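Letters go in sequence order (proteins before strands), and every chain restarts at 1. Remember, it's a predicted structure, so these values are computed and weren't measured experimentally. Reckoned from all heavy atoms, side chains included, excluding hydrogens, waters and symmetry mates.
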Number of protein chains: 2
Amino acid sequence: MDIEQHKIPQATAKRLPLYYRFINNLHSQGKQRVSSKELSEAVKVDSATIRRDFSYFGALGKKGYGYNVEYLLSFFRKTLDQDEITKVALIGVGNLGTAFLHYNFMKNNNTKIEYAFDSNADKVGTEIGGVPVKHIDELEDMVKGDITAAILTVPSAAAQGITDRLVQSGVSGILNFTPARITVPEHIRVHHIDLSIELQALVYFLKHYPLEAGEEQEE
Amino acid sequence: MDIEQHKIPQATAKRLPLYYRFINNLHSQGKQRVSSKELSEAVKVDSATIRRDFSYFGALGKKGYGYNVEYLLSFFRKTLDQDEITKVALIGVGNLGTAFLHYNFMKNNNTKIEYAFDSNADKVGTEIGGVPVKHIDELEDMVKGDITAAILTVPSAAAQGITDRLVQSGVSGILNFTPARITVPEHIRVHHIDLSIELQALVYFLKHYPLEAGEEQEE
DNA sequence: GGCAGATTGTGAAAAACTTAACGACTATCT
DNA sequence: AGATAGTCGTTAAGTTTTTCACAATCTGCC
Ligand SMILES: NC(=O)c1ccc[n+]([C@@H]2O[C@H](COP(=O)([O-])OP(=O)(O)OC[C@H]3O[C@@H](n4cnc5c(N)ncnc54)[C@H](O)[C@@H]3O)[C@@H](O)[C@H]2O)c1
Ligand SMILES: NC(=O)c1ccc[n+]([C@@H]2O[C@H](COP(=O)([O-])OP(=O)(O)OC[C@H]3O[C@@H](n4cnc5c(N)ncnc54)[C@H](O)[C@@H]3O)[C@@H](O)[C@H]2O)c1
């Protein structure tokens, strides 16, 4: 299973959850079939790209017909491992961390925030959005063996230190919201989401890349 | 100025704010010069890529020496228009919106959230993080002519409706945090930041693309 | 049963992006 | 002064991703 999976381009892999969500929507609406063109309009991805993406998994559709929503859904559910839940920890229950805890990532999602951690005694012991907030000293004990990935929303000065501890505790992926570019061993995957940079980049594009008719949109 | 700017690859443009931030840090630390290799370690971008990126703007460095931090900083400040402030509005003062309001985007940044808007009467009239919260009915009046971009943090059901009103009011860029893929006229730029998808994609990569020594990290 | 129209899957081309490699140059040490 | 250890800018190669365009083939209808 894993050998063939490796053939799937990373760009495609990143779009899979997006496809999954929209197929899910269609299914809830009772739609039976969908074409790459329709899907394209909904998710704002070129229809040829969608067909190409799907084709990496074999022939999911039927010529002249399109894709069967039910079949597509069950296929993606399997492919995205929607049936097993991945446990996640969140570190840093501040403004951003609290917002995430209130948000139910489980909805349409195979991930669950099991624990949150903070160094602030006022927050420890509370429960936010159904997630218990633990003291950061308990990090290693709670995470070890159980938690696959971590969401990092601590102040940037603390980012590297916490990262090292997460790595020590066996976490294999980190979603880093701090502006710090953290250093990790090679087998650990880090995705950076840098909100200030996103905003600045948008503004830069507005000024320097005025959109003409027919131009591209970004992710 | 704009004609030549268009030669800069989008991938490069997205990295500029990142470079700017780190150059700023170096400058604060009193560092005089920096090499592409050092910068590479700090921002986790290949040093060849950095040299290539910088070279789109001409010869910013000196062979055998590196880059002068002071010069680099002033160059990027100019290029990223750090001297003029771009006014931004935030729509939807919920969990996520509130977190953003508390965060000072002005710090190291040329953007300022001028107003926030919400439909909830309890929130209207308050001030969060120094930003006044207005009623959504005032959107058109406040935004018109004054605001360049908007941060969208409303429930996804409201996203398209608010988007249409933003477009009507002359906003030219939207940072969309809702899962809805909004439709806009061609001259409007939308960047989607879809946090659920980011988390799901990370998990997918962990399962299907285990990192070997020497492999790549994602943004 | 057959035909018009729709839509896929994909080969091939193009575009976009990254990386390697190296000539030219700087700074510093002996 | 000459040797040594960097370092840039850039050319060229490599890689990844997107897009075009169309034969193959299925649907839906008559
Ligand atoms: N809030 C935003 O909109 C926003 C935007 C962009 C980036 N960020 C980044 O996200 C991160 C969090 O931002 P925030 O606004 O939520 O900050 P915050 O100060 O509100 O929250 C940080 C939390 O981390 C906790 N903390 C501090 N040190 C800790 C440690 N060593 N171990 C465990 N917990 C610790 C604090 O007690 C606090 O609760 C920051 O790095 C910030 O730069 C935030
Ligand atoms: N909170 C998260 O961590 C998170 C994560 C991923 C995605 N999102 C997305 O971000 C968006 C906001 O999430 P949230 O958790 O902040 O939701 P929320 O419900 O806490 O906040 C939404 C806010 O928008 C306001 N609102 C509703 N309709 C409005 C309208 N027509 N005009 C103006 N304001 C209106 C509400 O009063 C509320 O204050 C949602 O689309 C959500 O899916 C949030």
Exercise. Using a cut-off of 4.0 Å on non-hydrogen atoms, how would the nucleic acid contact of B:T12 be classed: base, sugar-phosphate, or nothing?
Worked result: nothing
Problem set entry | Near-ring test B:Y103/B:F105, centroid separation under 6.0 angstrom | yes
From C-beta outward on [X], which listed nucleotide comes closest to its side chain: [options]?
X	options	result
A:S35	D:dT19, C:dC17, C:dT7	C:dT7
A:R51	D:dC22, C:dT18, D:dG9	D:dC22
B:A11	D:dT19, C:dT18, C:dT10	C:dT18
A:A59	C:dG9, C:dA20, C:dA27	C:dG9

I need the [atom1]-[atom2] distance between [X] and [N], as an integer number of Å.
X	N	atom1	atom2	value
B:F54	D:dC8	CZ	P	9 Å
A:F57	C:dG9	CZ	C1'	15 Å
A:I8	D:dT17	CD1	P	12 Å
B:I50	C:dC17	CD1	P	17 Å
A:N68	C:dT8	CG	P	13 Å
B:D46	D:dT16	CG	C1'	16 Å
A:K7	C:dT10	NZ	P	13 Å
B:L72	D:dG9	CG	P	10 Å

Exercise. Mapping A:R52 and A:G64 onto DNA chain C by nearest heavy atom, which one lands closer to the 5' end?
Worked result: A:G64
Exercise. Which class fits the ring pair B:F75 and B:F57: parallel under 30°, tilted 30 to 60°, perpendicular over 60°?
Worked result: perpendicular
For this session: Take the angle between the ring planes of A:Y67 and A:F54 and call it parallel below 30°, perpendicular above 60°, tilted in between.
Result: perpendicular
Any side-chain N or O of [X] less than 4.0 Å from the OP1 or OP2 oxygen of [N]?
X	N	result
A:Y67	C:dA6	no
A:R15	D:dT18	yes
A:R33	D:dG28	yes
A:T49	D:dT17	no
A:S36	C:dT8	yes

Exercise. Nearest nucleotide by nearest heavy atom, which residue falls closer to the 5' end of DNA chain D, A:K63 or A:D53?
Worked result: A:D53
Problem set entry | Contact nearer the 5' end of DNA chain D, comparing B:K62 with A:Y56 | B:K62
For this session: Would you indicate whether the side-chain heavy atoms of A:L195 and A:L96 approach each other to under 4.5 Å?
Result: yes
Seminar exercise, completed: What one should report as the nearest heavy-atom pair of B:I188 and B:V171 is CD1-O, 3.3 Å
Exercise. Just wondering, are more than 12 heavy atoms of other shown residues or ligands nearer than 6.0 Å to CD in A:Q168?
Worked result: no
